[in-house]
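For reference, the structure is listed below as structure tokens.
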Amino acid sequence: MRYIFKMAFRNIGRNKRRTMLSAIAISIAIMVILVMRGYIGGIIDSMFDSLTKVESGHIKISHNKYYEKQDMMPLEHMIDGFDGGGYQELLPVLKSVEDVEIVAPRIKFGVLLSHSGKNSSALGIGVEPEAEDRLISFDNKMVDGGYLSTGSNSNREIIMGKGLASKLGLKTGEKITILARTAYDSLRGMTFTVSGTFSFGISAIDDKLFYIPIGFAQRLLEMGQNASEIIIMVNKPENAEEISEKIKSQIDSKMDDPYYAVVPWNKQEGMLSMFSVATNIYSFIYLFLLVLASTVIINTTMMVIYERMKEIGTIGALGMSSGQIILLFVVEAMLISVIGSFIGMVVGGGIDFILSEVGINLQKLSGGSVDFMTTDIIYPRFDFSILIGSFIFGVVVATVVSYFPSRRAAKIEPVEALRSV
Amino acid sequence: MGALVSVLDLKKDYKVGETVVHALRGMDMEIEAGEFTAVAGPSGSGKSTLLNLIGCLDTPTEGKVLINENDVSHYSKKELANIRRESIGFIFQTFNLIPILSAFENVAFPLSLLHWDSEKIQNNVNQILKDVGLEGMEDRYPRELSGGQQQRVAVARALVKEPTIILADEPTANLDSNTGGDILDLMRELNEEKGATFIFSTHDPMVMDRARRLINLKDGMIHSDERK
Ligand SMILES: Nc1ncnc2c1ncn2[C@@H]1O[C@H](COP(=O)(O)OP(=O)(O)OP(=O)(O)O)[C@@H](O)[C@H]1O
Ligand SMILES: [Mg+2]
């Protein structure tokens with residue numbers, strides 16, 4: 001084995017330009033793959049962050065029947081506690097479960113907002129201001145004014161996305177009357193003071209969302225002490241499924257006829273469940289890119305075999321087995337792919353690292369706001385598992401691909417090869 | 001006790017398009033251990049074909065080649081490679097050293113294929129390189145050696161594993177007559193001192209003179225076979 005490596009190693013030095021060319025092809029593929037993986041990872045991280053915080057939580061609790069129709073935000077089938085005492089009954093139980101970090105009850109409702117002749121459809125969320133702030137950290141999201149006041153006697157305050165506010169021509173300190181259809185299907189109005197506007201950097205949110213304290217939402221919608229859902233954040237998202245099972249059994253044990261759905265993020269419908277599909281699709285794209293780059297190695301291997309016909313005849317005559325002859329060329333290709341993958345890893349890793357620090361401003365790139373569940377600035381994911389993973393991927397794929405042309409070398413008959421000189 | 005190599009009614013046909021070339025038309029011979037045999041004959045008489053068959057590089061159309069009484073005529077590709085690796089040494093007309101390996105490494109190559117341990121390789125290779133007169137040139141690469149020196153390396157490479165038989169197809173054809181003579185002298189010396197069995201083909205009367213047995217081929221048959 002050692003002499004095969006030695007020979008392969010010296011062989012790649014015979015035509016340095018060609019070796020470098022093949023290596024560069026691999027390195028470009030690895031570079032592109034690495035930057036793509038980092039970028040897509042960044043998008044997924046950003047989407048995951050936004051979607052879990054605004055939409056799904058790591059775990060979402062709601063009434064079975066509400067969960068089925070949650071896109072329509074029906075006001076029936078609410079979380080009403082264990083026996084009609086209101087959502088608050090559930091909170092101590094939920095908070096006592098290990099690894100649960102944040103418990104945030106919400107009421108979601110759709111309305112048409114109007115202000116001084118301007119209209120906009122909007123999505124209202126009634127929240128416990130403290131819990132929601134711990135979940136979302138409004139500190140760095142407020143563009144103007146302040147967050148909802150916290151403490152026991154909350155005011156009739158509203159905060160809204162800056163896009164929504166500007167559509168309505170609303171400014172901090174001004175008042176807006178929300179007219180909503182209640183749980184009993186009557187119309188009811190309530191006036192709120194805008195305490196501030198926020199921006200998530202996601203237009204889908206900033207143009208649509210407003211928050212009011214949950215107590216006023218309950219009154220506005222005639223919902224008693226109920227909530228439509230409870231969002232739970234846990235310490236590690238990958239443990240969400242396990243924790244959701246614990247929560248479910250805790251809740252169910254307190255009820256004769258349980259009716260709450262406790263669903264971890266990866267089991268909820270919508271964009272989050274598409275992440276794994278997307279990741280798999282991209283894996284195919286990476287593979288395709290690498291195989292494409294590996295055709296350069298195939299080409300090199302074929303040329304090398306043709307050029308070294310006499311040598312292959314000689315080593316065959318001396319009794320080198322077919323397997324070893326194949327190995328000699330596969331190892332040669334492997335060494336080239338190691339060089340290429342390494343260069344690709346270093347350069348691509350460097351680019352990925354810089355981008356992960358600086359961020360990519362999609363808004364600038366696309367010349368407008370992106371209507372997508374991501375922040376306008378994407379910070380690509382940078383971690384060593386991506387680097388090492390891409391390196392190994394490059395070496396393995398290129399090496400495996402090189403096996404096919406290398407088989408030709410073993411088919412050469414020594415008699416023929418020796419005659420051909 | 002049979003001979004080291006026995007050739008029995010050996011025939012080899014080549015198909016070239018529609019026509020069949022009868023390169024060997026039925027040959028019988030025996031080579032004993034320690035012989036120093038030249039195969040001569042006009043171009044196209046079948047010298048290379050014969051050496052290839054004895055050297056297990058090819059299989060006959062009909063007849064048999066026995067090496068140490070083993071019939072190799074129906075061996076598979078893999079079995080032929082095994083027997084070449086273990087029992088046969090080759091010296092080529094164009095030297096055929098591996099350009100990326102030094103003189104030492106070229107000679108060591110057949111031993112690596114046999115998985116010898118490195119200390120044993122070291123000793124044997126250095127000894128044989130001394131024997132062929134290349135002491136001090138172990139680290140030179142083929143491109144840094146003259147034709148004659150390259151062929152000496154090739155002789156060392158063929159002999160180092162002490163094979164049953166060493167085959168050389170026109171080993172001197174690419175050398176000037178002085179150098180060719182030197183190589184022949186070297187081979188003869190190794191034949192006498194180590195008892196190595198050589199079969200080589202040649203066109204060169206000077207080379208035939210140095211042989212101890214001369215087999216003349218004509219049209220794929222043995223025309224004459226004399227021991228001197
Ligand atoms: N692979 C082959 N395919 C077709 N014909 C072949 C092949 N090898 C040899 N021959 C033919 O077989 C005959 C014997 O060839 P061979 O090479 O054995 O002759 P030779 O005695 O070695 O000649 P030379 O002195 O020119 O080397 C020739 O007619 C040659 O053309
Ligand atoms: Mg010939």
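Just the heavy atoms: all of them, side chains too, but no hydrogens, waters or symmetry mates, feed the values below. We name chains A, B, ... by the order of the sequence lines, and we start the count at 1 in each one.
- Here A/Arg10 is the residue among A/Arg14, A/Met7, A/Arg10 with the most heavy-atom pairs under 4.5 Å with chain B.
- In this structure, no portion of B/Gln93 lies under 4.5 Å from any heavy atom of chain A.
- Annotation: B/Tyr75, atom OH; neighbour count of heavy atoms from other residues, nucleotides and ligands within 6.0 Å is above 12.
- Around the CZ atom of A/Phe288, the shell of radius 6.0 Å holds no more than 12 heavy atoms that belong to other residues, nucleotides or ligands.
- Heavy-atom pairs under 4.5 Å with chain A peak, among B/Ala81, B/Cys56, B/Ala108, B/Pro99, at B/Pro99.
- Residues of residues 311-333 of chain A lying under 4.5 angstrom from chain B, judged on non-hydrogen atoms, are A/Glu311, A/Thr314, A/Ile315, A/Gly316, A/Ala317, A/Leu318, A/Gly319, A/Met320, A/Ser321, A/Gln324 in numerical order.
- Pairs engaging residues 287-300 of chain A under the side chain to side chain donor-acceptor pair (under 3.5 Å) rule: A/Ser22-A/Thr300 [sequence neighbours left out].
- For B/Met221, the CE atom counts as loosely surrounded, since its 6.0 Å shell holds 12 or fewer non-hydrogen atoms of other residues, nucleotides or ligands.
- Between chain A and the residues B/Arg157, B/Lys78, B/Glu86, B/His115, the largest count of heavy-atom pairs under 4.5 Å involves B/Arg157.
- For the set B/Asn82, B/Leu80, B/Leu101, B/Asp58, the count of heavy-atom pairs under 4.5 angstrom toward chain A peaks at B/Leu101.
- Within residues 394-409 of chain A, no residue approaches chain B closer than 4.5 Å by heavy atoms.
- With contacts defined as side-chain heavy-atom distances shorter than 4.5 Å, the pair B/Asn96/A/Leu418 qualifies.
- When heavy atoms are compared at a cutoff of 4.5 Å, A/Arg308 does not approach chain B at all.
- For B/Lys64, the NZ atom is loosely surrounded, since the number of other residues' heavy atoms within 6.0 Å does not exceed 12.
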Which pairs would a plain distance check flag for residues 161-168 of chain B, meaning a side-chain donor or acceptor within less than 3.5 Å of a matching protein atom at least two apart in sequence or in another chain?
unit_1   : atom_1 : unit_2  : atom_2 : d
B/Lys161 : NZ     : B/Arg84 : O      : 3.2
B/Lys161 : NZ     : B/Arg85 : O      : 2.9
B/Lys161 : NZ     : B/Ile88 : O      : 2.9

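- Proximity of A/Arg419 to B/Ser48: side-chain heavy atoms (C-beta onward) are nowhere separated by under 4.5 Å.
- Surrounding OH of A/Tyr3 are more than 12 heavy atoms belonging to other residues, nucleotides or ligands, all under 6.0 Å away.
- A 6.0 Å sphere centred on CD of B/Glu119 holds no more than 12 heavy atoms belonging to other residues, nucleotides or ligands.
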